Structure formats: structure tokens, C-alpha cells
Amino acid sequence: MGSRISGVGMYAPPRIMSNKDLEKLVETSDEWIRDRTGIEERRVVKQGTPTSDIGVEAAKRALDDAGISPDAVDIIIVATLTPDMLFPSTACFVQTKLRARNAYAMDISAACSGFIYALSVADALIRAGRGKTALVIGAEIISTILDYTDRNTCILFGDGAGAVVLTECPDGEGLLSCHTYSDGDLWGYLHGPGGGTVAAGAPDGEDGPKRVITMSGNEVFKHAVTRMGEVSLEALAVNGFTKDDVDLFIPHQANLRIIKSVGKRVGIPEERVFINLSRYGNTSAASIPIALAEAREQGRCKSGALVLMAAFGGGLTWGSALVRM
Ligand code: UT7
């Protein structure tokens, strides 16, 4: 047995933060952000919104799309680097809010590669007989871990959630392969130092370190292009496909220059590369499922389409998934 994507859904909070809004917070410009990243605006939740709330919204839409009730869900996996709490998992909050009483739930921590990792784990659990139906969610409220005085990072990210329903199917259909990698030697290029045991601070949190994202943009950029290119080509080679067989390539939406360079490396022309970065910025683990849901809505990944997805992120981590929709 294998697994297939039988439903997709997304949720983007309504509040828009434009590049012009950021000009008021840091020394930057709309022109610089558009030129260097391709981002025009991003979404930001109302303060105090938990990640599970937006994850649930995306999940409900994916379940509706699949025509499946929450009772039928066996596995819930949430990929996030902005969980509701240290524990329990955000997936447990999603479970109770959805009333998915028959599921077991857990989070995956692989930063912006989290959705590909979560897809890989859910597929492996279904193949191992540990459930027939999985809800895989990427949900992030990155605005809670951004330093809005650091122009290197605060201009890049946005809040949002995307979800897919995975259901059992014959082997060789649906999700054809997942490839996941990490290199912990490179953790320092992209990390959020606060909130863990390394820099725990006092239990009351008063003297804890800032939870914010810390990043070496240039280093991350180089690795992103190389590794997403490699892992995408690997997905095609392992399955006996070429770049010409791909109907839609969905790379992690981090920077337009990264997306274009990876597209070139893999050899997929721009009209078959999905890009919605200008409207959402980098939503980390949510970026691929949001893109998938929008692509589906736009009729760009119909039933039978071959869709290649690739991501990279803190860890460093990276991965790809090849799917027959
Ligand atoms: O999911 C993974 C998340 N991380 C990423 O995807 C990060 C990947 N990296 C990037 O996207 C890019 O490296 C950035 C967008 C972060 C930076 O773009 P860059 O073209 O690599 O710029 P840079 O860091 O080399 O900086 C060039 C110049 C510098 O000024 P000087 O030293 O040349 O005078 C920066 O201080 O641009 C300046 N700069 C800015 N100026 C206006 C850096 N950030 C900004 C800014 N607004 N927001």
C-alpha cells in the first residue's frame, strides 16, 4: 500500500502587511524587498492567535475537499517551528479543535522543510499499516518570532497554514517518493535560539533570550539553491522521470531568485513553476501546502498531474516529494 493526496486546503489570515508598512518599522524600501526577494506583501495574524487555530482552518478545508469527516482521521501531523506551546504538540490542539477523536497526533520540527518531512512520515506510517488516513498540516505564526528591527529577516516571512489529507492507495500511485536530508553542522546559519534548554532563562521567562529568527542569508541562499536542485533531480531520477514529465514544480517559497535558480538547475521552464511568494512571503512549513491548494484552485494540478515539490530550511534540512495527483 501507498498513500495519495485526496484533499488540499489553505488558510491565510486576512491582515496584510505590505513592504510599505515595513518601511515604517526598519530601514528598508519596497523597491529593495521586491528586487532582492520578489515579496510584495505578507499576512499577519491578530495578536494572540495560536498556530493550531490557523492549522485547523486549513485542515477543515482539506477534509472538505477530500469529503472525509474528522472521525475518519487516524494520524495528525503538524509541521511547525512556531508551536502553540513547548508541549503538548500543536497537533494535539488541532485534534481537539477538530474533534478528530480517533487520531493520534504529533508535531514535526524541520523548519521550512517541515511539510515535506511530515508528508514523508505520514506516508511511511500508512505504508506500515499504522493508519489509513492522515492529516498533514504546515502551520506557522512566524510573526511571533520575528525581530521587527532586523531588516535581514523581518521582511521575508509571513503567517499562514496549508494542509493535505493523505489516504491509503495502491503502491506506485499517489505519493511516489520522498527524499529528506539534514546537515546539523550548519545549524548556525538559521536558528531560533530562545525557548529551548540551551538558553532556557528563568522559568518565568523574564530573563530568557529573544525567541527570534537569526539567519546568515547569503549562506542559506547558496545551500538552498544547491540542495533543492539536487534533491529535485534525485526525485525524478529515482522514479524514472525527466524534467519534461513534470506538470508542476512547487518549490518552497523563500526568495524569487532562489526559486528561479532552482527552476533553471532542474530544467523546468517558469510557466511550470508555481510562485505565490509575492503575496505571502516565506510561510516556512506552510508554504508548499498553501501553494498546492492555490495551484489546485487555479486548475494547475488536476487529477493525474505529476507534481514535484522541494523545500529547504533551518537545520539545515532539505527534501523533495514527487506526487501523482
Ligand atoms: O526558508 C529559509 C529562509 N531563509 C532564506 O530563504 C534566506 C535566503 N537568503 C535570502 O533570501 C537573501 O540572502 C536575503 C534576502 C536575506 C538578503 O539578500 P542579499 O541579496 O543576499 O543581500 P545581502 O545580505 O548580501 O545584503 C546586500 C545589501 C547590504 O548592504 P551593503 O552592505 O551592500 O551596503 C545589506 O545591508 O543590502 C542591505 N540589506 C537591505 N537593504 C534594504 C539587507 N537587507 C536589507 C533590507 N532593506 N531589508
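Ligands are counted one by one from 1 in listed order, and the atoms in each one are counted from 1 as well. The shown structure was predicted, so the numbers you read here are calculated from the model rather than taken from an experiment.
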**Q** Check whether any protein heavy atom sits under 4.0 Å from atom 36 (O) of ligand 1.
**A**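 So atom 36 (O) of ligand 1 has protein heavy-atom neighbours under 4.0 Å.
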**Q** Tell me, please, whether Tyr104 has Arg130 positioned over its six-membered ring: NZ or CZ under 6.0 Å from the ring centre and within 45 degrees of its axis?
**A** yes
**Q** Given the protein's heavy atoms, is any one of them under 4.0 Å from atom 25 (O) of ligand 1?
**A**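 Protein heavy atoms within 4.0 Å of atom 25 (O) of ligand 1 - there is at least one.
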**Q** Here's a test for you: under side-chain contact (heavy atoms from CB on, under 4.5 Å), which of Ile116, Val231, Val238 qualifies with Ser320?
**A**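 Single side-chain contact (heavy atoms from CB on, under 4.5 Å) partner of Ser320 among Ile116, Val231, Val238: Val231.
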**Q** Tell me whether atom 14 (C) of ligand 1 lies less than 4.0 Å from at least one protein heavy-atom position.
**A**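 Within 4.0 Å of atom 14 (C) of ligand 1, no protein heavy atoms are found.
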**Q** Tell me the contacting part of Val26 for ligand 1: side chain, backbone, both, or neither, using a 4.0 Å heavy-atom threshold, strictly below.
**A** neither
**Q** Where on Asn255 is there a heavy atom closer than 4.0 Å to ligand 1, on the side chain, on the backbone, on both, or on neither?
**A** side chain
**Q** Counting only heavy atoms closer than 4.0 Å, does ligand 1 sit against the backbone of Thr37, its side chain, both, or neither?
**A** side chain
**Q** Could you tell me which atoms of ligand 1, counted from 1 in the order shown, lie closer than 4.0 angstrom to a heavy atom of Arg257?
**A** 18 (O), 19 (P), 20 (O)
**Q** Kindly indicate whether atom 31 (P) of ligand 1 is approached by any protein heavy atom to under 4.0 angstrom.
**A**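 Looking at atom 31 (P) of ligand 1, one finds that no protein heavy atom lies closer than 4.0 Å.
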**Q** Nearest non-hydrogen contact with atom 6 (O) of ligand 1 belongs to which option: Ser29, Ala254, Ala111?
**A** Ala254
**Q** Quick one: salt bridge (Lys or Arg N to Asp or Glu O under 4.0 Å) partners of Asp53, sequence neighbours excluded?
**A** Lys97
